[in-house]
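Labels below follow one simple rule: chain letters A, B, ... track the order of the sequence lines, proteins then strands, and each chain is numbered from 1. Because only heavy atoms are used, hydrogens play no part in the values below, and waters and symmetry mates are left out as well, while side chains stay in.
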2 protein chains.
Amino acid sequence: MGIVERKIRQKEEVRSSILKAAWQLVEKEGWQALSMRKIAEAIEYSAPVIYDHFQNKEAILLEFTKEGFRILNDRLDKAKSQFTDPPRQMEAMAYAYWHFAFENQEYYQLMYGLGMPSCEMVQEISELTTFTELIMSCLKDMIKISNNQQADPYLKFRTFWSMIHGLISINMMGKGNSINELNTMVLNDFLKGFIAGIKA
Amino acid sequence: MGIVERKIRQKEEVRSSILKAAWQLVEKEGWQALSMRKIAEAIEYSAPVIYDHFQNKEAILLEFTKEGFRILNDRLDKAKSQFTDPPRQMEAMAYAYWHFAFENQEYYQLMYGLGMPSCEMVQEISELTTFTELIMSCLKDMIKISNNQQADPYLKFRTFWSMIHGLISINMMGKGNSINELNTMVLNDFLKGFIAGIKA
DNA sequence: CTATATTTCCTAACAGCGTTAGCAAAGTTA
DNA sequence: TAACTTTGCTAACGCTGTTAGGAAATATAG
C-alpha cells in the first residue's frame, strides 16, 4: 500500500512549497519582512501548518543559511578546479566568493547575520566545515611549494576569510550595491599581499 | 521668567533618562530585547512619551551608533597620540580598534548592524567622517615616508578597515567572546603584511 | 483670582508579529 | 459501518512599534 509513501511525498511537497514561498518573499521584500503569516498566505494554508514542517521560524532561516553555504562551496569548488597552480586557485576562489556575495546578497546577509541570526546556529552548520577545508587545502598546497614551510594554514585561512568578509560587509553596509572599481582594487591589493606573504 | 528654561532642562532630563534606561536594558538583555515599552517602564512614563523625544526606535539606536563611533574615535585618537612614528601609530590604532570592539560588543554590534540597522543610516553618521580621516591621515604619513609614493591612501584605508572589521565580526559570529591567541596572531599577521606593503 | 489657552502625558487602540491550544472535519484502517 | 488517526483550521496569548484622542495639569492673560 503506497498510501504512506504518497503521504510522505505530499508532506515533502508542502515542506518545499514553504521554502519556495519563503524564498520568493525574501527576494521580493527582503528577509526582514518575512513572516510566518505571509508564508502561510502564499502556500494557501493557515500559519500553524508551517509548524508541522519546521520547528520555528529560525529553522527556516537556518535552512537557507545552509543552502547558501552549499551554493558558495559549489562556486568555490568550480573556481578552484579551473586551475592547478595553488596561488591561482586561491585567487580564483577569492573572486568566486566575492561574486557570490554580491550576486546573492540575500543569502549572504542571512549566512553572516547582517540582520541578526547565526549567533548560536553557527555550530549547526556542517557546511562550514566543507567551506573551511576547501580553502585550507589550497592554503596547505601553497605553503608546501613556498619558502615558508612553518606558516600556519589555519591562521592564513582566518586572515583570508576575515579580509574578504570584511570587505564585503563594509560594502553592503554602505550603498548596498556596487561591485565597483575601488573594491576590485582593494581586493586585488589584499590578494597580492596575501599570496606574496605565503610564498616568501 | 526662567520657566521656559526649566522646561527645556526637564525635557532634556527625560530625554537622557530614556537613553540611560535604554542602554541599561541593552547591557542587561542585549539590544535585540530592547523595546519601547520596557524603556517606558524603566523611566516610569508611558510609552508614547518617548515619541516626544525621539522620532522612533531607530532614532534611539542611531544615537547609540553615533555614541559608539565617538568612543571609538576617542580611543583611536589616544592610541595614535602615544607614538610619532606613523607605522607605530597605525599599529596602535589597530589594537585600539580591536580592543574597543571586544570591550564594547553591544556598541560594536549596533554600529555595524550585526543585528540589523545601519543600512540607510550610514550616511547620517557624521562621526564616520572623523573616523575615516583619523586613519587616513596616518596612512598618508606612512606613504609620505615610504618608497611607494603613488599608493592610494583611500584604497589602503579600505583594506585596513575591511580586514579588521572582518576579523572582529567573524569572531563575534562564532563563540561571541574570546580575544584569544589565534586572533592576536591573525591580526599581527595582517598588520605586518599591511605595513610592509605600504613601506615598500 | 479667574478664565482661557497650552502643554503634558495617559489610556486605548491598530496592525502586526511568533507561537500554542483545542477542536472539527477529513481520511484511514479494521 | 465504527473507531482511530491525521490534517488543518480558528482563536487566542503575549508580545512588538506606533498613533489618536482626550483628560488633567500647568502657564498665560484679563
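- Taking Asp141(A) as the reference, nothing meets the salt bridge (charged side-chain N to carboxylate O under 4.0 Å, His left out) condition, with sequence neighbours excluded.
- Residues passing the side-chain contact (heavy atoms from CB on, under 4.5 Å) test with Thr129(A), sequence neighbours excluded: Glu133(A).
- The salt bridge (charged side-chain N to carboxylate O under 4.0 Å, His left out) test applied to Arg37(A) returns no partner, not counting sequence neighbours.
- Between Tyr97(B) and Tyr108(B), the ring planes lie perpendicular to each other; the angle is over 60°, past the 30° to 60° tilted range.
- One atom, CZ of Arg9(B), and another, P of dT7(C), lie 19 Å apart when rounded to the nearest Å.
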- Query: Can you give one letter per nucleotide of nucleotides 13-26 of chain C, going 5' to 3': B for a protein heavy atom under 4.0 Å from the base, S for sugar-phosphate only, - for none?
  - Reply: B---BBBB------
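- Distance His53(B) NE2 to dT18(D) P: 15 Å, rounded to the nearest Å.
- Here salt bridge (Lys or Arg N to Asp or Glu O under 4.0 Å) pairs that include residues 79-103 of chain A, with residues two or more places apart or in two chains, number zero.
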Without placing hydrogens or testing angles, list every side-chain donor-acceptor pair under 3.5 Å for residues 38-46 of chain A, not counting sequence neighbours.
| residue | atom | partner | partner atom | Å |
| --- | --- | --- | --- | --- |
| Lys38(A) | NZ | Glu29(A) | OE1 | 3.0 |
| Lys38(A) | NZ | Ala33(A) | O | 2.9 |

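- Rounded to an integer number of Å, the gap from CD1 of Ile39(B) to C1' of dG17(D) is 11 Å.
- Between Ile50(B) atom CD1 and dT8(C) atom C1' there is a gap of 15 Å when expressed in whole angstrom units.
- In this structure, CD of Gln10(B) is placed 13 Å from C1' of dA27(D), rounded to the nearest angstrom.
- Protein atom CH2 of Trp31(B) is 12 Å distant from nucleotide atom P of dG17(D), rounded to whole Å.
- Atom-to-atom, CD of Glu29(B) to P of dC15(D) comes out at 12 Å; the value is rounded to the nearest Å.
- With rounding to whole Å, Asp52(B) atom CG is found 15 Å from dG17(D) atom C1'.
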